[in-house]
Amino acid sequence: MKTLTVRTKARSLAGYDSYINLANHLISTNRKSHPTPPAPKKVMDYPVQFLTAMAHELRNPLTNINLSVGMIESVTKNDDLKVYLDIIMRSSIRINDLITELLNYQQEENMPAAQYSVHQLLDEVLETAGDRITLKHIEVIKHYAIQDCKIKMNRLRMKIALTNIIINAIEAMTSGKGILKLTTKSVYGKYFIQIEDNGCGISKENMKNIFKPYFTNKQGGLGIGLSTTYEILESDHVEIDVKSKEGEGTRFSLLFDKNYQYGVFE
Ligand SMILES: Nc1ncnc2c1ncn2[C@@H]1O[C@H](COP(=O)(O)OP(=O)(O)OP(=O)(O)O)[C@@H](O)[C@H]1O
Ligand SMILES: [Mg+2]
């Protein structure tokens, strides 16, 4: 898998804030891709009252979903159906948690970075994506370094960054044939996280655009995931390296330089 390499250290997505991207995810009712990105909005364009009202509105239909699922669950004897009802229930709990996280986001974003285990964080992301992994019958292989590593980070932001990469990997793979490989290693003053899939891969043409806001080639995609990831990793001085080959798969490597203020590596 050596054909394409994109190093993404220098460019800045000025004006794009992960907080706004999250808000966009929640408030966007238009699931089509945007040919020309609209002007970036500033955090202050979304007053806290608006987000609070939006969160409240989102919780109403969510409550209806939960109540309806509960009703169906209480009358059905079909075990297969119950598996899917559980997934709906867990997903709606997850949406509810995300709404809460969104409301606490500004507060948590301003919190000082703290030491956090990389392996624990990766496991949390896998748990978040667990239902999609199960539904697509994806095999997960963990090649974690023997010693865990604690990195100074804002946990919530880093979790969003990693989740976007892993969800894309899941979406790129064929059901029943997917292998998702997570590797951590410490080499010559750098700590690596690698996320590898054996999915459809990324064409040379698309590779130029994957970190641009609103770039998507998926039906119903927003094209926001990787631009958010980029913004978070760049602001945390994490280098991203992407290698991909069409029809074979894609590997995202994140490089934490030990000389930067990430803290303890062993
Ligand atoms: N692992 C991958 N394999 C193949 N293509 C990928 C992979 N990761 C990203 N891409 C490509 O990069 C594009 C941009 O990804 P991004 O996450 O920003 O948006 P999206 O997944 O299309 O939509 P969303 O904002 O809902 O996540 C994708 O549409 C896809 O074409
Ligand atoms: Mg995505």
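Order of appearance sets the numbers: ligands from 1, and atoms from 1 within every ligand.
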Q. Should Ile195 and Leu180 count as side-chain neighbours, where that means a heavy-atom distance under 4.5 Å?
A. yes
Q) What about Phe252: any of its N or O atoms under 3.5 Å from an N or O on ligand 1? A) no
Q. Can you list the ligand 1 atoms lying under 4.0 Å from a non-hydrogen atom of Asn217?
A. 28 (C), 29 (O), 30 (C), 31 (O)
Q. What atoms of ligand 1 come within less than 4.0 Å of a heavy atom belonging to Ala172?
A. 2 (C), 3 (N), 4 (C)
Q | Hphob cluster co-occupancy, Ile202 + Ile179, side-chain heavy atoms under 4.5 angstrom | A | no
Q.
Side chains of Asn168 and Asp197, heavy atoms from C-beta outward: is any pair under 4.5 Å?
A. no
Q | ligand 1-proximal atoms of Asn209, by part, heavy-atom distance under 4.0 Å | A | neither
Q) Within less than 4.0 angstrom of ligand 1, does Gly223 place any heavy atom? A) yes
**Q.** Gap separating the CG atom of Asn154 from the CD1 atom of Ile232, nearest 0.5 angstrom
**A.** 8.5 Å
Q | Short N or O distance, Asn164 and ligand 1, threshold 3.5 Å exclusive | A | no
Q.
Quick check: do Phe256 and Ile193 have side-chain heavy atoms less than 4.5 Å from each other?
A. yes
**Q.** Beyond-backbone contact of Leu121 with Glu124, side-chain heavy atoms, under 4.5 angstrom
**A.** yes
Q.
Checking Tyr214 against Ile224 for the side chain to side chain contact (heavy atoms under 4.5 Å, CB included) test, could you report, in this order, the C-alpha distance in whole Å, the side-chain angles of both residues, the deciding distance, and whether it holds?
A. CA-CA 6 Å; Tyr214 305 109; Ile224 284 173; 4.1 Å; yes
Q) With a cut-off of 2.8 Å, which protein N/O/S atoms are close to the Mg ion (ligand 2), if we only count those under it? A) Asn168 OD1
Q) Would a 4.5 Å heavy-atom cut-off, applied to side chains only, mark Phe192 and Thr184 as touching? A) no
Q. Given that the side chain starts at C-beta and the backbone is N, CA, C, O, which of these parts of Leu226 lies under 4.0 Å from ligand 1, counting heavy atoms, or is it both or neither?
A. both
Q) What atoms of ligand 1 come closer than 4.0 angstrom to any heavy atom of Ile210? A) 11 (C), 12 (O), 14 (C)
Q. Heavy-atom contacts under 4.0 Å between Ile202 and ligand 1: side chain, backbone, both, or neither?
A. side chain
Q) Would you call Asn206 a ligand 1 contact, heavy-atom distance under 4.0 Å? A) no
Q | Leu126 side chain reached by Leu182 side chain, heavy atoms, under 4.5 Å | A | yes
Q. Taking the minimum heavy-atom distance to atom 20 (P) of ligand 1, which of Thr216, Val242, Ile165, Ile170 ranks first?
A. Thr216
Q.
If you define the side chain from C-beta out and look only at heavy atoms, does anything of Glu196 sit under 4.5 Å from Ile141?
A. no
Q | Contacts of type ring pair (Phe, Tyr, Trp, His ring centres under 6.0 Å), residue Tyr144, not counting sequence neighbours | A | His119
Q: Taking only heavy atoms of Ala169 into account, list the atoms of ligand 1 that are under 4.0 Å away from them.
A: 1 (N)
Q.
Could you check whether Arg132 pairs with Glu171 (Lys NZ or Arg NE/NH1/NH2 to Asp/Glu carboxylate O, under 4.0 Å)?
A. yes
